[in-house]
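Remarks on the structure that follows.
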Amino acid sequence: MYDVAIIGSGPGGYAAAIHAGQAGLKTVLIEKQKRLGGTCTLVGCIPTKAMLHSADLIEEIRHAADNGIVVQGNPSVNMGAVLAKKNKVVEQSSNGVSFLMKKNKVTVVTGFGKIAGKGKVEVTAEGGAKQTIEAKNIVIATGSVVREFPGLESDGKVVLNSDQILDLDRVPKSMIVVGAGAVGMEFASVHAAFGAKITIVELMPHLLPIEDEDVSKEMERAYKKRGIDFRLEAKVEKLERLPNGVKATVAKKDGTTEVLEAELLLSAIGRKPVTEGIGLESVGIKTDGRGFIPVSPMMETNVPGIFAIGDAVPTAMLAHLATQEALTCIDFIAGRNPPALKYEQCPGATYSSPEVASVGLTEKAARAKGYDVKVGKFPFSANGKARILGQTTGFVKIVSDTKYDEVLGVHIIGPRATDLIAEACAALRLEATTEDLARTIHPHPTVAEIMGEAAHATLGHPLHI
Ligand code: FAD
């Protein structure tokens, strides 16, 4: 009898397994794929960022001369080598997860896990052999998969989803990207840097529609400057699949239509939880109609002793959140009485060029909540290190509350935004004021100094502008 059985080895499941092992709980991790790590490691965070690094490099090399470095001829992309590098990083990361299972004495069982009653998981191996695992607690960490959109279903040839484009062995001449969320924006960024002509089609009025409006507008300016085209408040109404490409009829809000032609179409519209066929009904676990499993603040389902975390629950689909949910759930199982997660403090990040990251309330959301809002903005163009890097697009925007000076939200677009946001996450966690941020001693010259400057700007006295 195990203390915990975890179904799924993504950043939710494997983090739960490590934490449970460290707590001295007898733990089993069940994974249907041969490799551990889930979406994030195999087809999500890790491979996309490996490719984005190749994209960043070619952009940097194009500007080598600005830094006095002579490059003979024009840099070009060897897609085979880009994929090989990406695959190597994925392999290393997945092997790292396997190593951590051994290190923390977690039993790994390869096979399809299905709940077969309270405290029971039936595992079916590839060849059909079945075994039943008994555990005092079960954690569902089955994650999510690509959601195919009617009419835009992937065919692996001219219409690709986010899994398939990771193995595309050429740079397309042109690509339509449907969806301007993080996934669509990142692939648009990669392939534009590699030389593809990109057109993004987004239903909402802005790129990265959930970000602060100022950030989205800056992103639109930045992508325009990079030659990335986009159609906002628009949707693909009709799609013709040709032998060597697609013809997409795009309907716009003003009632007009436009026909876009491209070699490929990437559908980056969303993902759905993996909760069907895993035996939820055998114990009476309810889903919310969209397939997500509602849980308590301790990640427990409506059935005591059965927990759910990560993309399978109706919270943001992010690896770092899945991991935190895993820690909360295991701490609860181990009787450590953990605090509930503060979801409003979960950062979002888009690793495009420029990068975008944010945490907390947008200016609009803070005003809607009735705060007397104070806003400060500081541009990267006035940051010495950003000028050294030659990356001066963007800004940091702080949204704070006039009454207590508390930081309510931080929104960054520009170099290293996805790293810089960590300071803002700590600030929100500690209920810091903008004065705390302004008085924090930041090392010079760093891009990170911009956080202090943005705080000074919020207080009305920025130094370097
Ligand atoms: P998953 O990672 O989806 O893992 C679930 C695992 O469960 C899988 O291995 C699956 O095989 C297994 N499984 C499912 N059913 C069963 C079963 N019945 N039996 C056994 N095993 C089963 N998030 C970020 O935070 N940062 C990023 O930069 C980022 N980039 C992304 C880029 C892309 C292209 C995509 C698609 C996603 C990205 N994400 C990113 C999201 C992130 O990958 C997910 O939020 C995260 O992987 C969710 O973790 P999880 O543990 O809930 O599930």
Side-chain angles (χ1 to χ4, degrees), residues 1-41 92-123 125 131-143 278-279 283 285 293 295-313 315 318-343 346 429:
M1 167 78 86
Y2 287 95
D3 292 312
V4 194
I6 300 158
I7 312 176
S9 74
Y14 83 69
I18 294 170
H19 205 51
Q22 287 168 343
L25 299 171
K26 196 175 170 208
T27 306
V28 58
L29 180 73
I30 301 151
E31 171 56 57
K32 66 182 177 188
Q33 298 187 65
K34 289 200 180 79
R35 296 190 298 175
L36 301 185
T39 302
C40 177
T41 306
Q92 287 168 337
S93 305
S94 177
N95 290 344
V97 176
S98 301
F99 165 76
L100 290 169
M101 294 306 108
K102 282 196 195 98
K103 185 179 170 207
N104 292 289
K105 299 187 174 56
V106 174
T107 304
V108 176
V109 174
T110 307
F112 185 91
K114 184 173 178 181
I115 298 172
K118 205 151 178 253
K120 287 198 177 90
V121 183
E122 182 190 80
V123 183
Q131 63 169 304
T132 300
I133 287 171
E134 293 195 21
K136 289 180 202 150
N137 299 282
I138 295 171
V139 178
I140 302 167
T142 47
I278 59 165
V283 281
I285 293 176
I293 305 171
V295 285
S296 74
M298 293 296 113
M299 314 313 298
E300 200 161 23
T301 66
N302 61 309
V303 178
I306 306 186
F307 300 80
I309 57 174
D311 284 6
V313 304
T315 55
L318 291 165
H320 42 272
L321 189 58
T323 297
Q324 283 296 331
E325 289 176 343
L327 304 188
T328 300
C329 146
I330 297 299
D331 281 338
F332 179 73
I333 291 171
R336 290 170 172 163
N337 195 21
L341 277 174
K342 293 186 174 164
Y343 283 94
C346 175
R429 172 102 193 134

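Please read these numbers as outputs of a predicted model, since none were measured by experiment.
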Listed by chain and number, what are the salt bridge (Lys or Arg N to Asp or Glu O under 4.0 Å) partners of K103, not counting sequence neighbours?
none
Once rounded to the nearest 0.5 Å, what's the spacing between atom CD1 of I6 and atom CD1 of I330?
5.0 Å
From M1 CE over to D3 CG, what is the distance, rounded to the nearest 0.5 angstrom?
9.0 Å
Distance, nearest 0.5 Å, that separates SG of C346 from CG of L321:
4.5 Å
Side chain to side chain donor-acceptor pair (under 3.5 Å) contacts in which one or both residues fall within residues 20-29, not counting sequence neighbours
none
Would you name the heavy atoms of V4 and A20 that are closest together and state the gap between them?
CG2-CB, 4.4 Å
Applied to residues 108-122, the side chain to side chain donor-acceptor pair (under 3.5 Å) test, sequence neighbours excluded, yields none
Residues passing the side chain to side chain donor-acceptor pair (under 3.5 Å) test with K34, sequence neighbours excluded, are E126
Quick one: closest heavy-atom pair of G310 and A322, and the distance?
CA-CB, 3.6 Å
To the nearest 0.5 Å, what is the distance between CD1 on I278 and OG1 on T142?
4.0 Å
Tell me, please, which residues at least two apart from E325 pass side chain to side chain donor-acceptor pair (under 3.5 Å).
T315, Y343
Nearest non-hydrogen partners of A326 and G12, listed with the distance:
CB-O, 3.2 Å
Hey, does L29 have a side-chain heavy atom less than 4.5 Å from the side chain of V109?
no
Which value, rounded to the nearest 0.5 Å, describes the distance between N104 atom CG and F99 atom CZ?
8.5 Å
Drop me the distance from D311's CG to L318's CG, to the nearest 0.5 angstrom.
8.0 Å
Using atom types as modelled, flag every donor-acceptor pair under 3.5 Å from a side chain in residues 331-340 to any protein atom, sequence neighbours excluded.
| unit_1 | atom_1 | unit_2 | atom_2 | d |
| --- | --- | --- | --- | --- |
| D331 | OD1 | H19 | NE2 | 2.9 |
| D331 | OD1 | R336 | NH1 | 2.7 |

